[in-house]
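Each chain gets a letter, A, B and so on, in the order its sequence line appears, and its residues count up from 1.
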Number of protein chains: 2
Amino acid sequence: MFSKSCEYAIKSMIFIAQKSKDGARIGIKDIAKGTDSPQHFIAKIMQVLSRKKLVHSVKGPNGGFYMDNLDLQNSIADIVKAIDGDGLYTDCVLGLHACSAENPCPIHSEYSVIKKNFIKMIENNTIGEFRDNLDAGNFHLKSILSV
Amino acid sequence: MFSKSCEYAIKSMIFIAQKSKDGARIGIKDIAKGTDSPQHFIAKIMQVLSRKKLVHSVKGPNGGFYMDNLDLQNSIADIVKAIDGDGLYTDCVLGLHACSAENPCPIHSEYSVIKKNFIKMIENNTIGEFRDNLDAGNFHLKSILSV
DNA sequence: AATATAAAAGAGTTTTATGTCTTAATTTGA
DNA sequence: TCAAATTAAGACATAAAACTCTTTTATATT
């Protein structure tokens, strides 16, 4: 479904959204800890997200990542597209180079419905919306018992 | 979603289902051609499916793969589980080691619905059911214009 | 029995994804 | 202005997935 990179990206972004209220900056070490992710690896991922303007970053002492109100309006889908590209939108589930309603693979039609719903989900959920729920402890970005 | 191996597996199995009517055997070269797949690679995949009794095979002249009526009743899900394992059923979409309704990741709940529908789809579609539709030209196992 | 055919098996290669480590650039604050 | 902190960037390492090639085994046919 998502690549590992993309999983890390989504978790990191939600984590930053929660922690960077009031303009606070959150460092890569804390993101790694808070999401159970390999620090240097997600550093590269954050660079991509930063270059693509999905998140803000500042170097130096008291630096780190943060989100402004515009950033918070980005959806999960925006992160996915930034990291994994748009294969989720365009690729045939059975790998046909050309698969369409006119020339479909065997499960094109049924998969289309599922894909539509999945895309709707990741497009409708903005990063900001997760913030309050995370605060309330309604969900997690890492397992309770980390291995 | 599916690994490349799994994509090949599904396409190959549907191809065999169509071509092996009346007990005919279909060789690996024909399967590769008919599904636009790398021959030696799918040979290994077919070995797995054969060992797991999802398809029959005979060696020697006039040998090849075929399906009996029982084989035709297997679902796409059976192929998926044989090749990709049950990660699709069990893994958290964000990679949490433990993700459940009690301790969910941010998108656990919404993804659960989608996952349920996807699983329903691959479990309800048996290989045999595709056969007639493929004959009728209703869908394809490779692109019209192969690259 | 010998030969040809085709899958099974195994070893190896290439490519891509994942993960680590080091250095450079920037910024803050003393 | 200097030192410390922190992201950016790049090079490197490891692992997994995808793909290829060769040899072995089984079987049908002559």
Exercise for the section: Report the distance from atom NZ of A:Lys29 to atom C1' of D:dA5, rounded to the nearest whole Å. Expected result: 8 Å
Handout entry: Nucleotide D:dA26, atom P - distance to CD1 of B:Ile28 in whole Å
Key = 19 Å
Exercise for the section: Indicate if A:Met67 and A:Leu70 have the same hydrophobic cluster label, given that clusters are the connected sets of ILVMFWY residues with side-chain heavy-atom separations under 4.5 angstrom. Expected result: no
Handout entry: Side chain of B:Ser50 (C-beta onward), nearest among D:dC19, C:dA8, D:dA9
Key = C:dA8
Practice task
For B:His108 and B:Leu94, run side chain to side chain contact (heavy atoms under 4.5 Å, CB included): C-alpha distance rounded to whole Å, both residues' side-chain angles, the deciding distance at 0.1 Å, then the answer.
Solution key: CA-CA 9 Å; B:His108 176 89; B:Leu94 292 187; over 6 Å; no
Fill in the blank from the handout: Separation between CE (A:Met121) and CD (B:Glu110), nearest 0.5 Å, reads 6.0 Å
Practice task
For A:Met46 and D:dA9, give me the distance from atom CE to atom C1', rounded to whole Å.
Solution key: 16 Å
Exercise for the section: Rounded off to whole Å, could you give me the OH-to-P distance for the B:Tyr66 and C:dA7 pair? Expected result: 13 Å
Handout entry: Side-chain N,O (A:Tyr8) to OP1/OP2 (C:dT18) below 4.0 Å
Key = no
Exercise for the section: Please determine if A:Glu123 and A:Lys120 form a salt bridge, counting it only when a charged side-chain N lies under 4.0 Å from a carboxylate O. Expected result: no
Exercise for the section: Measure the distance from NZ on B:Lys52 to P on C:dA7 and round it to the nearest whole Å. Expected result: 21 Å
Practice task
Take B:Arg25 and B:His56, measure what side chain to side chain contact (heavy atoms under 4.5 Å, CB included) needs, and give me the verdict at the end.
Solution key: CA-CA 9 Å; B:Arg25 287 86 176 268; B:His56 284 74; over 6 Å; no
For nucleotides 12-16 of chain C, tabulate all protein N/O to nucleotide N/O atom pairs closer than 3.5 Å, reporting atom names and distance.
none

Handout entry: Phosphate contact (D:dT6 OP1 or OP2) by A:Ser57 side-chain N/O below 4.0 Å
Key = no
Handout entry: Euclidean distance, atom CD1 of residue A:Ile42 to atom C1' of D:dA8 [Å, nearest integer]
Key = 15 Å
Exercise for the section: Determine the interplanar angle of the B:Phe2 and B:Phe118 rings, folded into 0 to 90°, and report it as parallel if under 30°, tilted if 30 to 60°, perpendicular if over 60°. Expected result: tilted
Practice task
Give the cluster check for B:Ile31 versus B:Ile76: same hydrophobic cluster or not, with ILVMFWY residues linked at side-chain heavy-atom distances below 4.5 Å.
Solution key: yes
Handout entry: B:Phe41 CZ to D:dT22 C1', straight-line distance once rounded to whole Å
Key = 18 Å
Taking only N/O atoms, report every protein-nucleotides 12-17 of chain D pair under 3.5 Å with atom names and distance.
none

Practice task
Give a yes or no on whether the backbone of B:Ile114 and the side-chain of B:Asn117 come within a donor-acceptor separation of less than 3.5 Å.
Solution key: no
Exercise for the section: Can you measure from NZ (B:Lys81) to CG (B:Asp84) and round to the nearest 0.5 angstrom? Expected result: 12.5 Å
Exercise for the section: For the pair A:Ser57 and A:Phe65, evaluate side chain to side chain contact (heavy atoms under 4.5 Å, CB included) and give the outcome as yes or no after the intermediate values. Expected result: CA-CA 4 Å; A:Ser57 73; A:Phe65 298 88; 3.6 Å; yes
Dump every N/O contact between nucleotides 21-30 of chain C and the protein below 3.5 Å, one line per pair.
unit_1: C:dT26; atom_1: O4'; unit_2: A:Lys59; atom_2: NZ; d: 3.4

Practice task
Find the distance A:His56:NE2 to D:dA8:P and express it as a whole number of Å.
Solution key: 12 Å
Handout entry: Interatomic distance, B:Gln18 atom CD to B:Ile26 atom CD1 [nearest 0.5 angstrom]
Key = 9.0 Å
